[in-house]
*Asks:* 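Below you will find the structure I want to go over with you.
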Amino acid sequence: MQLDLWLLLGASLILCAIVAVRLSTSAGLPTLLAYLGLGLLIGESGFGIHFDDAELAEVLGLAALVLILAEGGITTDWQKVRRSVPAALSVSTIGTLISIGVVAVAAAWLLGMDWRLAFLLGAVLAPTDAAAVFSVLRRLPLPPRLTGLLEAESGFNDAPVVIVVVTLSASEAAHGVPNLAELAGVMVYELIVGGLIGFAAGWAGVFALRRMALPASGLYPIAVLSLTVGSYGAANLLHSSGFLAVYVSALVLGNARLPHRPATRGFAEGIAWLAQIGLFVMLGLLASPSDLPAQIVPALVIGFVLLLVARPLSILISTAGFKLSLGEKLFASWAGLRGAVPIVLATIPWVKDVPGAPRLFAIVFTVVVLFTLLQGPTLPLVARWCRLKDDSRARELGVEAAPLEELHADLLEVRIPEDSHLNGVEIFELRLPRGASITLVVRDGESFVPEPTTTLRAGDTLLVVSTADVRDTAERRLRAVSRRGKLAGWFGETGA
């Protein structure tokens with residue numbers, strides 16, 4: 001009975017979170033706020049569920065971030081972001097270090113933190129969140145160069161920040177200013193090796209999946225996601241950046257011509273949504289509402305330093321020479337959305353028993369909530385102020401891989417076996433019902449658009465597009481001809 005109860009509660013929570021997605025999307029807010037709110041609601045100050053295991057939260061949080069980052073890489077269009085990658089790499093490294101330094105100085109001088117905790121706060125708040133950025137920015141008609149920069153930055157900047165946070169959280173770390181030269185050397189090694197591992201894992205996966213005929217289409221998405229997760233483990237074993245390996249491998253796999261790409265993207269998106277829901281609800285549970293009000297003032301101080309000083313300064317310096325307009329730089333400064341990544345990273349010093357870490361977690365949690373409420377809904381307004389508009393989107397042809405459910409149609413894949421009576425039948429002799437059509441034939445590894453007089457052969461694969469109301473009729477007709485030949489059902493099974 002206990003299992004039944006927990007399954008019911010878990011399913012109900014996920015359904016509530018799905019409804020919250022719709023509501024938050026209408027309001028222009030990242031969905032993380034709804035999920036965090038659910039976590040706080042069912043926590044110790046709400047329904048009374050007690051959760052304070054920071055170590056478990058760190059492990060589950062990092063695992064969820066791997067899946068979210070993998071989905072970000074798989075669904076990113078390389079052709080749209082490739083021109084922005086050099087600028088994104090600069091923002092993710094040089095810009096991140098500038099942001100860390102500015103916030104650390106502000107935390108030490110304005111909040112009286114010791115330097116170690118101040119640098120930890122700056123590092124934890126430096127990365128933008130992939131889930132928050134994708135959920136908000138992909139709905140705005142922004143220039144492709146700017147969207148590509150922000151998307152690529154959110155995928156790249158987790159890696160250097162994790163290195164800084166782990167280094168500063170180590171028990172042997174000094175309480176003063178960290179050794180910047182040593183930290184830079186570690187960062188260069190981890191980023192280069194992690195990127196190479198991700199690239200190798202991605203291309204190895206592409207090579208194998210193009211040549212390996214798996215028995216079920218559902219295995220391809222599982223294989224792709226397993227390759228990205230495996231790259232994270234391999235990179236960490238070599239003491240390099242697992243997050244960069246995940247994003248690079250997912251980027252390679254998501255942009256390669258693999259079998260069942262639409263199914264792979266859909267599976268990755270579903271897993272990422274589930275990871276987001278579980279992650280944010282767990283972080284909401286981990287936060288203690290009674291500790292948050294005391295951190296509102298420090299959070300506002302640090303949040304405004306980050307938003308109005310650290311982020312703009314890091315963008316201006318790190319994008320110098322990349323020919324971004326002033327409006328694009330101003331929008332990029334405002335669009336640095338924080339989400340789950342800073343909150344998860346704030347659990348690392350907590351687990352390592354760094355003095356002041358619980359307070360740091362409370363400040364970060366409060367900053368994320370308050371400034372998501374400020375930045376998320378105002379992004380369309382800021383885009384108009386900065387005079388940013390992508391006119392090409394109005395002219396861009398809306399082409400999707402196979403969203404046939406929106407057209408109330410189905411795509412059938414038909415393989416003709418060796419002993420089928422479809423062998424030798426011309427397409428017009430099939431007498432498929434009105435609304436069903438053979439749109440593509442794959443023969444001996446080559447595909448072509450058939451004519452009505454095209455003769456089908458054993459071993460062919462047919463792609464049949466059918467409206468939903470005649471799908472069953474079309475499928476029955478194909479099966480009848482396959483069993484009994486082209487004269488099957490001539491007098492009534494389908495309209496001639």
Side-chain angles (χ1 to χ4, degrees), residues 30 32-33 35-46 49-65 99-100 103-104 106-108 110-129 131-132 158 161-162 164-171 173 175 276 278-303 305-306 337-373:
L32 67 93
L33 290 179
Y35 302 154
L36 289 174
L38 282 174
L40 291 171
L41 179 64
I42 65 177
E44 58 186 46
S45 298
I49 297 178
H50 184 70
F51 179 73
D52 61 357
D53 191 337
E55 186 171 0
L56 178 60
E58 178 195 356
V59 172
L60 295 179
L62 292 175
L65 289 180
S99 178
I100 292 173
V103 173
L110 301 179
L111 301 184
M113 288 185 173
D114 66 74
W115 283 106
R116 181 188 185 188
L117 199 64
F119 271 101
L120 273 171
L121 181 61
V124 165
L125 287 173
T128 56
D129 185 79
D158 293 349
V161 169
V162 169
V164 176
V165 173
V166 170
T167 302
L168 292 174
S169 300
S171 58
H175 287 268
Q276 285 183 54
L279 173 60
F280 290 126
V281 171
M282 178 194 69
L283 294 175
L285 277 170
L286 184 63
S288 179
S290 59
D291 296 338
L292 300 180
Q295 306 306 329
I296 290 178
V297 173
L300 287 173
V301 170
I302 291 300
V305 169
L306 178 64
L337 299 176
R338 269 70 189 176
V341 175
I343 304 176
V344 172
L345 293 180
T347 63
I348 296 176
W350 193 349
V351 171
K352 300 294 185 181
D353 293 323
V354 175
R359 182 194 177 204
L360 183 145
F361 179 87
I363 292 176
V364 170
F365 189 96
T366 309
V367 167
V368 169
V369 172
L370 294 178
F371 284 85
T372 299
L373 283 170

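Below, all heavy atoms of this structure are taken into account, side chains as well, without hydrogens, waters or symmetry copies.
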*Asks:* Show your working on side chain to side chain contact (heavy atoms under 4.5 Å, CB included) between Leu65 and Val344 and close with a plain yes or no.
*Replies:* CA-CA 9 Å; Leu65 289 180; Val344 172; 3.8 Å; yes
*Asks:* Quick one: list whatever passes side-chain contact (heavy atoms from CB on, under 4.5 Å) with Ile296, sequence neighbours left out.
*Replies:*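 side-chain contact (heavy atoms from CB on, under 4.5 Å) check on Ile296 returns Leu300, Thr366, Leu370.
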*Asks:* Hey, could you give me the NZ/CG distance between Lys352 and Leu168, rounded to the nearest 0.5 Å?
*Replies:* 12.5 Å
*Asks:* Provide the closest heavy-atom pair for Val305 versus Ala106 in the form atom of the first, atom of the second, distance.
*Replies:*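 Taking every non-hydrogen atom into account, CG1-CB, 3.7 Å.
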*Asks:* Can you list everything that forms a side-chain contact (heavy atoms from CB on, under 4.5 Å) with Val351? Sequence neighbours excluded, please.
*Replies:*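 Once residues adjacent in sequence are excluded, the partners of Val351 under the side-chain contact (heavy atoms from CB on, under 4.5 Å) criterion are Ala54, Glu55, Glu58.
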*Asks:* I need the minimum non-hydrogen distance between Gly61 and Leu279, along with the two atoms involved.
*Replies:*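 So the two residues come closest at CA-CD1, 3.6 Å.
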*Asks:* Work out which heavy atom in Arg359 is nearest to a heavy atom in Pro298; give both atom names and the distance.
*Replies:* NH2-CG, 4.1 Å
*Asks:* Not counting sequence neighbours, which residues clear side-chain contact (heavy atoms from CB on, under 4.5 Å) with Ala126? List them please.
*Replies:* Thr96, Ser99, Ile100, Val161
*Asks:* Looking only at heavy atoms, which two atoms of Leu345 and Pro127 are closest? And how far apart?
*Replies:* CD1-CG, 4.0 Å
*Asks:* Search all heavy atoms of Ile363 against all heavy atoms of Ala299 and return the closest pair with its distance.
*Replies:*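 Distance-wise, the nearest heavy atoms are O-CB, 3.9 Å.
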*Asks:* Over all heavy atoms of both residues, which pair between Pro349 and Leu360 is shortest? Give the atoms and the distance, please.
*Replies:* CG-CD2, 4.4 Å
*Asks:* I'd like to know whether Leu337 forms a side chain to side chain contact (heavy atoms under 4.5 Å, CB included) with Thr128, so could you lay out the CA-CA distance, the side-chain angles of the two residues, the decisive distance to 0.1 Å, and finally the verdict.
*Replies:* CA-CA 5 Å; Leu337 299 176; Thr128 56; 5.7 Å; no
*Asks:* Using the test side-chain contact (heavy atoms from CB on, under 4.5 Å), find all partners of Ala107 that sit at least two apart in sequence or belong to another chain.
*Replies:* Met113, Ala118, Leu121, Ile302
*Asks:* Mind checking ring-ring contact (aromatic ring centres under 6.0 Å, His included) for Phe361 and listing every partner two or more places apart, or none if nothing turns up?
*Replies:*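 Partners of Phe361 under the ring-ring contact (aromatic ring centres under 6.0 Å, His included) test: Trp350.
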*Asks:* So how far is it from Ile348 CD1 to Leu62 CG, rounded to the nearest 0.5 Å?
*Replies:* 5.5 Å
*Asks:* Can you tell which of Thr372, Leu306, Val364 makes a side-chain contact (heavy atoms from CB on, under 4.5 Å) with Arg338?
*Replies:* Leu306
*Asks:* Is a side-chain N or O of Ser169 found less than 3.5 angstrom from the main chain of Val166, in a donor-acceptor match?
*Replies:* no
